[in-house]
Amino acid sequence: MKFKRFFSQIYLTLIFIFLYAPIAVLIVFSFNSGKGSRFDGFSLRWYEELFQSEMILDALWNTLFIAVTSALIATIIGLISCIGISALKGKPKAVYMALNNIPMLNSELVTGLSLMLVFAAFGLTAGYPTILIAHITFNIPYVILSIMPRLRQTNKSTYEAAIDLGASPTYAFYKVVLPELMPGIFSGFLLAFTMSLDDFIITYFTRGAGINTLSTLIYSEVRKGIKPTINALSTIMFVSVLLLLFFINRPKKATNEIL
Amino acid sequence: MNKKKWLSTPYLIWMIAFTVIPLLLIGYYGFTTRDGSFTIQNITAIFSPAHSKALLKSLYLSLLCTVVCLLLAYPLALILKNKNVGQGGFVIMIFILPMWMNFLLRTYAWLNLLDDGGIIERIFSLVNIPYQSIIGTDAAIILGMVYNFLPFMILPLFNVLTKMDENVINAASDLGANSFQTFIKIILPLSLPGIVSGITMVFVPSLTTFVISDLLGARKIMLIGNIIEQEFSIADNRHLGSGLSLVLMIFILASMALINRYDKNGEGNAF
C-alpha cells in the first residue's frame with residue numbers, strides 16, 4: 001500500500017513537470033541577458049524593452065479587449081439562451097444542444113475556415129468585428145455548459161413563491177434565480193475568457209490585415225525567432241493570474257464554487 | 001412560462017448564421033470550381049500522392065497521440081480520484097492554468113528544451129547519455145500534441161471518475177471481486193462516457209493541427225492541416241481547401257457520432 005502511494009506521488013510529479021517545464025523555461029529565459037537558448041546571466045532587459053514595444057503592447061490590448069468583450073457578450077447571450085432552452089422539451093431541446101455542441105466538438109481549423117468563408121459571403125471585411133463574432137461563437141457553448149447544470153439544480157418553488165408573493169417575473173428572476181446561477185455564470189465567463197485568450201487558429205483565419213493578437217503576433221515572429229520580450233510579457237500575465245487565483249481562492253471553501 | 005421559450009431564439013439565429021451556414025458554405029465550395037460549376041475533383045484530390053500521404057500521416061500521429069494521452073491520463077485520473085481532492089476546483093485549475101501562457105509560446109518552448117544544445121541535451125550530457133535532437137521527427141510532433149491536448153483527456157476522465165457512485169465499487173469488492181476485477185468489470189465500463197469524450201477531444205484537434213507541425217516539425221513534416229491551411233493562405237484556392245476539409249469532416253463527424261452514442265447526458269464533459 002505504501003509502495004502504491006509512493007508510486008502515484010512520483011507519477012503525479014512527472015506529469016506535473018511535463019506540463020509545467022515549458023512554462024518554467026519561458027519564465028527563466030525572460031530574465032536572460034542574452035537572446036539565444038543559453039542562459040547568459042540575469043537581466044531585466046527584456047522587461048524594459050517590452051514596455052517600449054508598441055507592437056507588443058498593441059497586440060496585448062487587442063487580445064485583452066477581444067477576450068473581455070467576447071466573454072461578456074457570450075455570457076449574456078448564453079445566460080438568456082439557457083433560460084429559453086430550459087423551457088423547451090424533447091426534440092427542440094435536443095436540436096439546440098446538438099447545435100450548441102458543434103463549435104466545441106468541431107475542429108478549430110474547420111470552424112475558422114468556415115467562419116472566414118461566411119464573413120466573405122456576407123460581405124464583412126475581416127477586422128475587429130469578425131474576430132469578435134468568431135470568438136463569441138465558440139465561447140457561447142462553454143457558457144451554456146457552465147450555466148445549464150446550475151439551472152437544472154435551482155429550486156423552481158422559490159421562484160414560484162416569489163411570483164405568488166407578488167413579484168413580477170423579471171423581479172423574481174433577479175432576486176431569486178440569478179443569485180443561484182451566479183457561480184455558473186462566473187465560471188462560464190472565466191472559461192470563455194481563457195479560451196478566447198489562448199485562441200490562435202480561429203483568430204488567424206478571421207482577423208484582418210494589420211490586426212494582431214498576441215497569438216498571431218507570436219506566430220508571425222516564429223520564423224524570425226521569438227524575442228524574449230514576449231516571454232517577459234507572458235511571465236507577467238501568468239504571474240498575475242496566479243496571484244489573482246491565489247487571492248480568489250483564499251477562503252478555502254470558495255475553491256469549488258469558483259471553478 | 002411559454003414566453004420563456006422565445007428567449008432562446010436569438011441564439012438559434014446566431015447559430016444558424018455562424019455555425020450552420022458556414023459549414024454549408026464549406027460544402028458549397030468543396031463541390032464547386034472557381035467558375036461555380038459542380039465538381040467532385042476537390043474531394044477526389046485527397047487521393048493524390050501528396051495529399052493522401054499527409055492524411056495518413058495525420059491519422060497515424062493523431063491516433064498514436066490519442067492512445068498515449070489515454071494511457072497517461074487514466075492512471076492520473078484514478079490517482080486524483082483516490083486522493084479525494086474534491087470535485088473540480090483545484091484539479092481543473094492546475095490543468096487550465098497553463099492556458100494562460102500562450103499555447104504557441106508553450107509549444108515553442110519545447111524547441112528550447114529539445115533542440116541541439118537545448119536543456120535536455122545538457123542534462124543528458126551531465127550523465128553521459130548521447131542525445132539526438134528529435135525536432136523535425138514524428139516523436140517531436142507527438143510530444144507537442146500530447147503536451148497540448150493531455151488536459152482534454154484528463155478532465156473528462158476525472159469528472160466521470162469522481163462522480164462515480166462509491167457504493168457500486170464497494171459492493172463489488174464486498175462480493176469478492178479483487179481490485180483488478182473491480183476495475184475491469186465496474187470502473188472501466190462506467191467511465192466509458194469520459195473515455196469517449198476524452199478520445200474525441202484529443203483526436204479531433206490533433207488530426208487537424210497545423211501549428212504543432214509548423215513549430216516542432218522543422219518544415220519537414222506536412223500534415224493534412226498544413227495542406228489545407230496553405231490552400232487558403234498561400235495558394236488562395238478555397239475550393240480545394242474546402243474539399244479537403246470535407247474529407248477531414250468525415251472523421252470529425254464519426255467522432256461526434258461516437259460521443260452521441262456513448263455520452264448522451266454529457267457526463268464526460270471536460271468542464
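Each chain gets a letter, A, B and so on, in the order the sequences are listed, and its residues count up from 1.
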Quiz item: Could you go step by step and tell me if B/Phe18 and A/Ile136 meet the side-chain contact (heavy atoms from CB on, under 4.5 Å) rule?
Solution: CA-CA 10 Å; B/Phe18 299 117; A/Ile136 294 167; over 6 Å; no
Quiz prompt | Derivation of the side-chain contact (heavy atoms from CB on, under 4.5 Å) call for A/Ser114 and B/Leu25 | solution = CA-CA 7 Å; A/Ser114 67; B/Leu25 264 184; over 6 Å; no
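One finds the OG atom of A/Ser215 at 5.5 Å from the CG atom of B/Leu104 (value rounded to the nearest 0.5 Å). Separation of atoms CG (B/Leu248) and CG (A/Asn106) is listed at 10.0 Å; rounding is to 0.5 Å. The CD1 atom of B/Ile21 sits 12.5 Å away from atom CG of A/Leu117, with the distance rounded to the nearest 0.5 Å. In this structure, CZ in A/Arg5 is found 11.5 Å from CG in B/Asn82, a value given to the nearest 0.5 Å. Summarising the geometry, atom CD belonging to B/Glu229 is positioned 5.0 Å from atom CZ belonging to A/Phe205; distances are rounded to the nearest 0.5 Å. Here the CZ-CD1 distance, from B/Phe103 to A/Ile201, works out to 5.0 Å after rounding to the nearest 0.5 Å.
Between chain A and the residues B/Pro205, B/Ser255, B/Pro10, B/Pro22, the most heavy-atom pairs under 4.5 angstrom are made by B/Pro22. For the set A/Leu105, A/Leu214, A/Ile144, the count of heavy-atom pairs under 4.5 angstrom toward chain B peaks at A/Leu105. Among the candidates A/Ile102, A/Leu26, A/Asp199, the residue making the largest number of heavy-atom pairs closer than 4.5 Å to chain B is A/Leu26. The candidate from A/Phe238, A/Phe200, A/Phe16, A/Phe18 with the greatest count of non-hydrogen atom pairs under 4.5 Å with chain B is A/Phe18. In terms of heavy-atom pairs under 4.5 Å with chain B, the best-connected choice from A/Ile83, A/Leu109, A/Ile230 is A/Leu109.
Interface remark: B/Phe232 contributes side-chain atoms only to the contact with chain A (heavy atom separation under 4.5 Å). Contact of A/Met97 with chain B is not made at all, since no heavy-atom distance falls under 4.5 Å. Both the backbone and the side chain of B/Leu12 have a heavy atom closer than 4.5 Å to some heavy atom of chain A. For B/Ile252, the part sitting under 4.5 Å from any heavy atom of chain A is the side chain, from C-beta outward, and nothing else. For B/Met15, the part sitting under 4.5 Å from any heavy atom of chain A is the side chain, from C-beta outward, and nothing else.
Annotation for B/Trp110 and A/Pro22: closest pair NE1-CG, 3.3 Å, computed over non-hydrogen atoms. Smallest separation of non-hydrogen atoms from B/Leu105 and A/Ser234: CD2-OG, 2.8 Å.
Between B/Phe210 and A/Tyr219, the two ring planes are perpendicular [angle over 60°; tilted spans 30° to 60°].
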